[in-house]
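Contents: one structure, followed by commentary.
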There are 2 protein chains.
Amino acid sequence: MLERGYAAVSSRRVAGEADLKPQLVHYYFRTMDDLFLAVLRRRAEESLERYGRALASDRPLRALWELTTDPRGAVFTMEFAALANHRKAIRAEIAAYAERVRRMQLDALARVLDGAGISEDDCPPVVALQAMTGIAQVIALEDTLGITTGHDETRAFVERLVDQLEDGAAA
Amino acid sequence: MLERGYAAVSSRRVAGEADLKPQLVHYYFRTMDDLFLAVLRRRAEESLERYGRALASDRPLRALWELTTDPRGAVFTMEFAALANHRKAIRAEIAAYAERVRRMQLDALARVLDGAGISEDDCPPVVALQAMTGIAQVIALEDTLGITTGHDETRAFVERLVDQLEDGAAA
DNA sequence: GTCTATATAATGATAGAC
DNA sequence: GTCTATCATTATATAGAC
């Protein structure tokens, strides 16, 4: 899926990777959609744990930024977003998972902003979160496509801002 | 492509939409990749013109924001991004087109920031551009997936900022 | 430019033996 | 749980007549 796109994921190829017959894929998952859902769920759980650990660290913003700019995550997200675009069950699962992650992130970010003396009126935490993760996701996606203009400057800018905020929160 | 994803675009289905035989699709484009490239190029040219008009208007930032948050564009971008992920020719074409758009946007944004009295040191134009378009793209994409938390607040926040900047530029 | 015909390969999925 | 066998369907693409 990551290397050749979701459309290249067939029962035959999956079976080949595992040195099994294609029929076994259908035995375990029946349809290919069931397989995609299983992959999504496993990955989502892993991702939730990873974000949980990152946000519980002593520099949660920095960890959040680094996790969200990971290009491997970007490819995965893009493939599933494309898949979700025309498969209802997958779309619902992604949305539910995304909202869970966002709530976690929001709690952590609100604490940091509060600690740095930034009020709701200055910038609501939900806006700061959307900004930070949106920028991170697009940078990661663009990197995988070979679009690089402005990335270094943006990374530097955001990372300086993040460090300022977290130093403020520590003080 | 927009309704069912790029993987559902076959010579049979395309021909069916046009009430033609599938072989004619191959007559005009030979391979399906040629067809995807033709679609990409046409759409890219249209998009360049649209951005050109938007950025030449009297409120270029507002126009840029509205164009980039258009959900139709998000689906298109996502499908091609997924396609590009494992087809070299398409990836190169997307990257080249994206860099052209970015240069156009950057010129317009730099003028607005300059007019509003915001220096390179405060915020480099390329960073502001990445932030604004990144946030816009992710909001548009999430909307199509049914993820909506924080969108209203973020839209309001960005739009107020944009209006402040453009009022400052006008003054 | 459009047709018929066809080559070739891959697909998802099931039935039934062991 | 794994196998053999198989079905119906779809896919991309080409050849050659008109």
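Side-chain atoms are counted along with the backbone in the values below, which use heavy atoms only and exclude waters and symmetry mates. Order of the sequence lines sets the chain letters (A, B, ...), proteins ahead of strands, with each chain counted from 1. Since we're looking at a predicted model, the values are computed, not measured.
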Write down the protein N/O and nucleotide N/O pairs, taken from nucleotides 12-16 of chain D, whose separation is under 3.5 Å; answer none if there are no such pairs.
residue: D:dT12; atom: OP2; partner: B:Ser11; partner atom: N; Å: 3.0
residue: D:dT12; atom: OP2; partner: B:Ser11; partner atom: OG; Å: 2.8
residue: D:dA13; atom: OP2; partner: B:Met32; partner atom: N; Å: 2.9
residue: D:dT14; atom: OP1; partner: B:Arg30; partner atom: NH1; Å: 3.0

Distance, rounded to the nearest Å, where [X] contributes [atom1] and [N] contributes [atom2]:
| X | N | atom1 | atom2 | result |
| --- | --- | --- | --- | --- |
| A:Leu24 | C:dT14 | CG | P | 15 Å |
| A:Arg87 | C:dG12 | CZ | C1' | 11 Å |
| A:Phe29 | D:dG1 | CZ | C1' | 14 Å |
| A:Lys21 | C:dA15 | NZ | C1' | 17 Å |
| B:Leu35 | D:dA11 | CG | P | 14 Å |

Problem set entry | B:Tyr6 to B:Glu79 - nearest heavy-atom pair and separation | N-OE1, 2.8 Å
Identify all side-chain donor-acceptor contacts of residues 112-128 of chain A below 3.5 Å with residues at least two apart in sequence or on another chain.
residue: A:Ser119; atom: OG; partner: A:Asp121; partner atom: N; Å: 3.3
residue: A:Ser119; atom: OG; partner: A:Asp122; partner atom: N; Å: 3.2
residue: A:Ser119; atom: OG; partner: A:Asp122; partner atom: OD2; Å: 3.2
residue: A:Asp122; atom: OD2; partner: A:Ser119; partner atom: N; Å: 3.1

Exercise. Which residue pairs satisfy the ring-ring contact (aromatic ring centres under 6.0 Å, His included) criterion with at least one member in residues 59-115 of chain B, sequence neighbours excluded?
Worked result: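 Only B:Phe76-B:Phe80 qualify under ring-ring contact (aromatic ring centres under 6.0 Å, His included).
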Exercise. Can you list every pair that meets side chain to side chain donor-acceptor pair (under 3.5 Å) and has a residue in residues 24-37 of chain A, with sequence neighbours left out?
Worked result: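 Pairs touching residues 24-37 of chain A that pass the test: A:Ser11-A:His26, A:Thr31-A:Asp34, A:Asp33-A:Arg87.
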Problem set entry | Sequence neighbours excluded, every pair satisfying side chain to side chain donor-acceptor pair (under 3.5 Å) that has a member inside residues 141-153 of chain A |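 For residues 141-153 of chain A, and leaving out neighbouring residues, the side chain to side chain donor-acceptor pair (under 3.5 Å) pairs sorted by first residue read A:Glu142-A:His151, A:Glu142-B:Arg102, A:Glu142-B:Gln130, A:Asp143-A:His151, A:Asp143-A:Arg155, A:Thr149-B:Glu99.
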For this session: Check ring pair (Phe, Tyr, Trp, His ring centres under 6.0 Å) between A:Phe29 and all other residues, then give those that pass, not counting sequence neighbours.
Result: none
